[in-house]
Amino acid sequence: MPMLTDPSQKYKPYTPLALKDRQWPSKTFTKAPIWLSTDLRDGNQALANPMTIEQKTVFFRELVKCGVKQIEAAYPAASDTDFNFVRGLIENNEVPDDVWLQVLTPAREDLIKRTIDSVAGAKNAILHMYNATSPLFRDVVFRNSKEQTIELAVRHTKIVRKLTEECTAKYGTKFIYEYSPETFTQSEPDFALEICEAVKTAWGKAGLGEERIIFNLPATRSVDLLFLYSNHAYHPLEGTGTAAAELGVLAGGDRIEGCLFGNGERTGNVDLVNLALNLYTQGISPGLDFSDIQSTIDTVTQCNDLPVHPRHPYAGELVFTAFSGSHQDAIKKGFEAQKIVHAAAAAKGEPSYWNMPYLPIDPADLGQNYEAVIRVNSQSGKGGIAYLIKQHLLLDLPRKLQISFYQVIQEISDREAREVTVDDITTAFRETYHFGGTKYKGRLALRNFKISTQSPIQTSEGSGDESSDETRHFDGTISVDGNYRVVRGDGNGPLSALLDALRTHLDIDFVIREYSEHAINEGTDSKAASYVELVPANDRKSTKSWWGVGVDSDIAGSGLRAVLSAVNRAIGNRVLPELKLSVGFNARSGQADVSTAIASSLGLLLPRRFQSSFFEIVQRNARDHGGEISYEAVTELFKKSYGFQIDTTLNKIVLASHKLEQLSEGRRQITGGFVVSGELKNVTGVGNGPLSSVLAALHTLIDGSLSIREYSEHSIGEGTDVVAASYVELVYEIAGAKKRSSWGVATDVDITTSGINAVLSAVNSLDVVLKQRN
């Protein structure tokens with residue numbers, strides 16, 4: 001919400017002290033002074049790299065937007081750049097009718113003429129002339145007596161009058177004359193008064209309002225205690241500027257020259273923003289508008305390339321920040337109490353006054369959100385990014401992670417040379433920490449896991465030995481470069497167990513240096529967020545570390561995901577060793593691991609008995625390789641063993657074509673062409689269903705009998721890409737031979753065809769005996 005036109009409806013002034021024998025303590029402000037911005041003149045000349053005309057124009061527009069009615073634009077006689085800038089403002093109609101354009105000149109006739117020429121044609125102009133009056137400047141710099149100094153000021157004041165009157169007559173420009181006894185605070189008060197009176201007499205037409213003469217009394221240096229010169233310090237340039245300016249106004253001054261955020265020579269000019277908002281908090285309208293103070297900060301800093309200090313009044317990024325828990329608690333309670341008070345005031349039709357611990361102004365009046373200001377500024381400049389992450393991803397980052405991620409954003413900012421948006425920040429976070437779905441998945445990703453606990457070994461009673469800590473066992477499946485792999489490890493907790501598994505299976509060796517967690521939301525929607533900092537296992541004090549982030553409905557799952565997030569950052573594009581299954585003596589891999597490997601590579605969810613059968617095949621194959629077999633080798637072995645996804649045209653029995661018909665009483669008949677040892681044979685079979693009818697047809701081709709022991713099926717994929725997977729275990733009996741069985745597997749877009757092909761897969765594995773020709 002914007003600043004209030006009448007802030008007295010929200011802010012109460014302080015209660016002054018009532019001391020009968022003192023005057024100053026009881027003085028109060030009743031209205032704002034006239035504000036003169038010298039950002040474009042004194043502020044500009046204080047910059048190592050003065051502003052360009054384009055930058056000064058942008059700055060001028062910002063001053064107008066903020067409501068400044070008197071703007072010192074330049075020292076036009078100092079350079080063509082300054083002269084042209086002033087001319088550009090006038091000729092391009094940049095100056096509103098109610099704004100006075102002020103220009104500065106020393107007491108030299110040629111420079112005065114050049115200065116007046118710069119504002120010719122402007123509607124309103126203030127001609128500001130100065131000469132130094134202090135003993136140091138009179139005696140050392142200019143070597144003038146008091147009389148010569150007064151004569152110089154008087155003579156050039158008359159020149160100013162003559163030339164401005166000529167300009168008014170020719171161009172219609174209305175002038176106000178301003179005179180500054182430069183180095184006023186170092187001048188003798190009686191001499192300063194004498195020269196100002198002489199200048200006033202020489203001007204000869206000082207009146208009220210727009211006919212007034214302005215005496216600007218510059219505090220070029222603070223040379224005495226504050227209360228001794230506060231009576232006359234209207235243009236202070238030292239660290240006491242704000243207090244001196246306020247006391248000067250209480251002493252009778254009605255105009256203050258300064259800069260936005262205090263830029264200027266040496267320690268800077270008095271800060272107009274500070275002074276204006278001080279008045280605002282006392283219920284007095286300052287006549288300046290900083291409803292969007294961040295926009296003003298951005299414009300000013302981009303133009304003059306000077307940062308606003310984090311602790312700068314009202315504008316600093318840390319100015320509303322409450323680090324202390326007691327302060328935060330006070331503010332929280334203040335908001336709760338104020339809500340009740342405001343509700344009661346609204347019910348009575350009374351003003352709702354701002355009354356908060358530690359906060360003299362409502363940040364909302366400056367275009368800020370209270371919570372945003374606190375969070376944005378909470379970590380010395382890194383909090384802004386952390387706040388955005390919290391707002392948009394609900395993650396409250398640890399301080400060290402904030403610093404680490406800030407470096408990522410800084411790199412993007414330097415590379416892109418543009419403003420980094422919220423989307424840039426959240427996307428960079430997701431990509432950096434592989435957070436937020438498959439789109440940002442890293443090389444390693446958690447698919448599923450199981451954490452089991454191994455109870456400690458109990459020592460014999462009375463031995464005096466303590467039992468060992470419980471061991472956690474991680475048994476899970478992770479995606480490694482797109483392939484699912486089963487890994488196992490042990491540790492004193494789930495995270496160390498996962499790290500042990502990565503060390504064992506992938507030669508990835510890290511340990512945890514820092515861990516933290518917090519809840520996201522509450523109730524049934526609650527999730528856990530975990531943060532992990534990893535360092536090399538052989539260098540726990542390493543200056544190089546990697547952070548990871550994980551979120552899961554399960555606290556262990558969030559921690560495991562955070563570990564993999566950090567590992568992904570650490571390994572980069574490093575080549576990982578080939579994962580192998582250990583199925584030999586002291587095997588670390590079991591039947592479930594092998595079936596998971598097949599599910600990962602082929603999408604097949606093998607029935608339990610099928611898993612057991614194939615595991616035996618894997619074990620036999622691995623004997624010649626030290627009991628180990630790679631995941632790729634397992635997949636190839638499966639394909640070869642069951643004729644899956646390979647050319648089956650050379651199999652003993654191949655289905656060339658078939659037709660299924662529905663008979664009476666639910667019976668099914670298949671008529672098909674089977675290629676048997678290279679010869680096409682057309683046969684028919686009848687059964688209770690497609691598979692039994694296929695077996696009936698096969699019985700016309702083979703000796704012995706086939707029967708189905710187990711059948712299962714499932715779908716693979718989604719939508720138009722879905723296919724059916726069928727699994728059949730056949731039993732084959734033939735006279736004179738031992739009964740044997742085998743599994744078959746097939747996939748097809750048609751569920752019936754996949755089942756028939758699964759039967760043929762099993763038949764070919766059984767090496768059935770073909771009937772002999774008659």
Side-chain angles (χ1 to χ4, degrees), residues 13-14 16-17 19 22-39 41-43 46 68 70 72 102 104 128 130 132-137 178-193 195-196 214-282 284 286-288 308-309 311-316 360:
Y14 63 84
L17 292 174
L19 302 178
R22 298 282 301 280
Q23 294 185 23
W24 277 99
S26 61
K27 287 184 177 291
T28 60
F29 292 96
T30 58
K31 65 178 182 178
I34 298 169
W35 307 108
L36 181 284
S37 163
T38 186
D39 289 273
R41 199 277 303 167
D42 190 83
V68 182
Q70 295 188 7
E72 189 167 54
Q102 179 167 306
L104 179 71
H128 181 191
Y130 70 93
T133 59
S134 68
L136 180 63
F137 276 74
E178 175 177 340
Y179 172 71
S180 288
E182 186 69 11
T183 65
F184 167 74
T185 50
Q186 294 171 278
S187 302
E188 306 93 331
D190 57 345
F191 178 66
L193 178 60
I195 197 170
C196 286
I214 300 172
F215 287 108
N216 182 61
L217 308 180
T220 310
R221 280 190 53 207
S222 302
V223 295
D224 213 330
L225 297 177
L226 175 62
F227 73 89
L228 291 179
Y229 73 86
S230 61
N231 294 311
H232 42 63
Y234 309 145
H235 179 51
L237 293 174
E238 296 284 350
T240 55
T242 299
E246 290 180 338
L247 289 172
V249 171
L250 291 176
D254 61 1
R255 183 174 184 267
I256 294 178
E257 294 192 3
C259 290
L260 301 187
F261 311 116
N263 178 32
E265 296 280 16
R266 294 170 292 282
T267 58
N269 289 288
V270 70
D271 176 15
L272 299 185
V273 177
N274 191 352
L275 290 172
L277 293 179
N278 281 356
L279 287 176
Y280 185 79
T281 64
Q282 298 304 304
I284 299 171
L288 298 181
V308 172
H309 193 279
R311 296 294 183 186
H312 196 98
Y314 301 106

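In this structure, S187 contributes its side chain and S134 its backbone to a donor-acceptor pair below 3.5 Å. Between the side chain of N263 and the backbone N or O of G43, at least one donor-acceptor pair lies under 3.5 Å. With W35 contributing its side chain and P286 its backbone, the two residues share a donor-acceptor pair below 3.5 Å. A donor-acceptor pair is defined here as one N or O able to donate and one able to accept, closer than 3.5 Å; no such pair exists between the side chain of T38 and the backbone of E72. Side chain of N269 to backbone of C259: no donor-acceptor contact under 3.5 angstrom is found.
E246 places a side-chain heavy atom less than 4.5 Å from the side chain of F29. Counting heavy atoms from C-beta outward, T242 and N278 have side chains that approach closer than 4.5 Å. E257 is listed as a side-chain neighbour of Q102, based on a closest heavy-atom distance under 4.5 Å.
Taking every heavy atom of both residues into account, Q70 and L36 meet most closely at O-CD2, 3.1 Å. Across all non-hydrogen atoms, the minimal contact from P135 to Q186 is CD-O, 3.3 Å. Looking at every heavy atom in both residues, S37 comes nearest to L272 through CA-CD1, 3.9 Å. Here the closest non-hydrogen pair linking L275 and A245 is CD1-CB, 4.0 Å.
Partners of P16 by side-chain contact (heavy atoms from CB on, under 4.5 Å), not counting sequence neighbours, listed by chain and number: Y14, T28. Judged as a side chain to side chain donor-acceptor pair (under 3.5 Å), and not counting sequence neighbours, the contacts of S180 are H128, N216.
The line from OG1 of T183 to CG of L217 is 11.5 Å long, rounded to the nearest 0.5 Å. Note: L104 CG to Y130 OH = 5.5 Å, rounded to the nearest 0.5 Å. Note that OG1 of T281 is 7.5 Å distant from CG of L279, once rounded to the nearest 0.5 Å. For the atom pair SG (C196) and CZ (F191), the distance works out to 9.5 Å, reported to the nearest 0.5 Å. Here the NZ atom belonging to K27 is positioned 10.5 Å from the CG atom belonging to L247, to the nearest 0.5 angstrom. Distance check: D271 CG to Y314 OH gives 10.0 Å after rounding to the nearest 0.5 Å.
With F261 as the partner, the side-chain contact (heavy atoms from CB on, under 4.5 Å) test is satisfied by one option alone out of D39, V308, N274: V308.
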### Query
What do the steps show when you test Y179 against I195 for side chain to side chain contact (heavy atoms under 4.5 Å, CB included), and what is the final call?
CA-CA 10 Å; Y179 172 71; I195 197 170; 3.4 Å; yes
### Task
Applying side chain to side chain contact (heavy atoms under 4.5 Å, CB included), run through I256 and V249 and close with a yes or a no.
CA-CA 8 Å; I256 294 178; V249 171; 3.6 Å; yes
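The residues R255 and E178 are annotated as salt-bridged, a charged nitrogen and a carboxylate oxygen being separated by less than 4.0 angstrom.
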